[in-house]
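Read the structure below first, then the notes.
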There are 2 protein chains.
Amino acid sequence: MQSRPRIPEATVARLAVYLRVLTGLADSGRGTVSSGELASAAGVNPAGLRKDLSHLGPCGTRGVGYEVSTLRDRIAGVLGMETAHACVLVGIGNLGSALAGYGGFGNRGFEFVGLFDASPARVGQRIGDLPVRPMEELDEVLAETRATIGVIATPAEVAQRVCDQLTAAGVRSILNFAPVTLSAPAGVGVRQVDLSVELQVLAFLDKQRGPAPAALGTALGTALAPAGGMA
Amino acid sequence: MQSRPRIPEATVARLAVYLRVLTGLADSGRGTVSSGELASAAGVNPAGLRKDLSHLGPCGTRGVGYEVSTLRDRIAGVLGMETAHACVLVGIGNLGSALAGYGGFGNRGFEFVGLFDASPARVGQRIGDLPVRPMEELDEVLAETRATIGVIATPAEVAQRVCDQLTAAGVRSILNFAPVTLSAPAGVGVRQVDLSVELQVLAFLDKQRGPAPAALGTALGTALAPAGGMA
DNA sequence: GGATGTGAACGCCTTCACAGCT
DNA sequence: AGCTGTGAAGGCGTTCACATCC
């Protein structure tokens, strides 16, 4: 059972969350956890958590719970974290800089091995210990480092072109922050994070939840930026 | 039944994507689109798209397609975009700065009315036309502006405290970028964007897809999911 | 006694196929 | 003829309840 009967994608996403919680628990010196406690910390249903973990084969002790460090290692192994993943990041604007400087990746086995930008003004800057390189060097770096993951943080207009370039050079997984739907060859995984979509879903759910407590919207009145215009 | 029998959350997220595509189409002067074309641009199944739109009541013309600007307005209305949403942003580090400067929000009816950070070094800086304010002014600004959405881009350690403060001041929707699971009172919507989780899901799917080829040549002979692909 | 692991029921969402309008 | 709108079928994931084991 624990070979590869395929783990549901929704479960994989939650496993990553459990891993984060377990890491924190382990750092606190905690020895064991129950499904109830772990589920509460991860914000999910206890039965669902056990179901998720069942995809990894038995990994708890009945009547006791889960051993924190063992479970952590087990999940880390399933998620493929024992080997580091080399990533390249294209588009070093505000968001790209944030991603490049975000410490949360390194802790989880992801390492940026190349930062790229089309703007000469940004090329040559250093972020952390990496220089920003021109787009012309992308193929070369990909060939050298065998990076398998590409992160796109460019303006929407060039995202598809960057995607094409990445996939042509052998990148098999892409995380896209540009607000466009990318088309990639079969066999290439694409994941989209669209910040505006998140906000719109949030706003809709709020609207649906209740007819709003009091009259608002009047407070805004004047200031509504016409169209920001960051490319 | 176009009243409000509740629209599935998955549909809402896709509506936001359709809206983005339609806006682009309208700017190109396009008059009408078929479900097939729109679905292709949004990366979804045509039948699914029509099903999504059916939640809004009839909004196309049989034999012809959808009128671009009409459909855009219809979706915008359902998503609650006719009234602007005031947001506050807490945590003006790299990511927070990126969010504050991101033009994609203003275009979609979201406006930041306050930026906050606990670090004195950041307070007083300006991003766009807003100053970074100290945390002490959060309650005051929330009371004045009646902002309903809070965005958290702080370190994980303080995210829950910020969440408590936001909800106590009446914020009903929270978008959280900190890698922690927030607990909020019932009636408050929380959406989580965890960049590390996204990367881990991506890496897992890649690992599951194939044992990784040696170089960039794709293994033609080996198992590729048959997946009858007529669309 | 207590908590895990899991089969089964339930509900949601996607997909298909076709009826219906233009 | 073309494309939308939708009932029905199918697949997937979540939830529940309980058998199982420490």
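Lettering of chains follows the sequences in order, A, B, ..., and the numbering in each one begins at 1.
To the nearest angstrom, P of C:dA17 lies 11 Å from CG of B:Asn45. As a whole-Å value, the separation of B:Leu53 CG from D:dC3 P is 16 Å. Whole-Å rounding puts the A:Leu49 CG to D:dC16 P distance at 15 Å. The CZ-P distance, from B:Arg50 to C:dC16, rounds to 11 Å in whole Å. The separation between B:Glu67 atom CD and D:dC3 atom C1' is 16 Å, rounded to whole Å. Computed from coordinates, the B:Lys51 NZ to D:dG7 C1' distance equals 7 Å when rounded to whole Å. Whole-Å rounding puts the A:Tyr66 OH to D:dC22 P distance at 15 Å. What separates CD of B:Glu9 from P of D:dC12 is a distance of 21 Å, to the nearest Å.
As judged by a 4.0 angstrom heavy-atom cut-off over every strand, A:Ala10 is placed among residues touching the sugar-phosphate backbone only.
Distances were taken from every side-chain heavy atom of A:Ser34 (C-beta onward) to each of C:dC18, C:dG5, C:dA3; the shortest belongs to C:dA3. Residue A:Thr61 places its side chain closer to D:dC22 than to any other of D:dC22, D:dC18, C:dC13.
At D:dG5, none of the side-chain N or O atoms of B:Ser54 fall inside 4.0 Å of OP1 or OP2 (strictly under the cut-off). At D:dT14, one or more side-chain N or O atoms of A:Arg14 fall inside 4.0 Å of OP1 or OP2 (strictly under the cut-off).
Salt-bridge formation is detected for the pair A:Arg191/A:Glu9: a Lys NZ or Arg NE/NH1/NH2 atom is positioned less than 4.0 Å from an Asp or Glu carboxylate oxygen.
Taking the side chain as every heavy atom from C-beta outward, A:Asn176 and A:Val193 never approach each other to under 4.5 Å.
Counting atom types as modelled, B:Arg62 pairs a side-chain N or O with a base atom of D:dT4 as donor and acceptor under 3.5 Å.
Between B:Ala16 and A:Gln200 the shortest heavy-atom distance is CB-OE1, 3.0 Å.
When each of A:Ile152, A:Thr154, A:Leu95, A:Asp194 is checked for a side-chain contact (heavy atoms from CB on, under 4.5 Å) with A:Phe177, only A:Leu95 meets the rule.
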- prompt: Passes salt bridge (Lys or Arg N to Asp or Glu O under 4.0 Å), B:Glu67 versus B:Arg74? Steps please.
  reply: CA-CA 11 Å; B:Glu67 198 183 347; B:Arg74 184 71 159 276; over 6 Å; no
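Taking the nucleotide of DNA chain D with the nearest heavy atom to each of A:Val64 and A:Ala47, the more 5' of the two is matched to A:Ala47.
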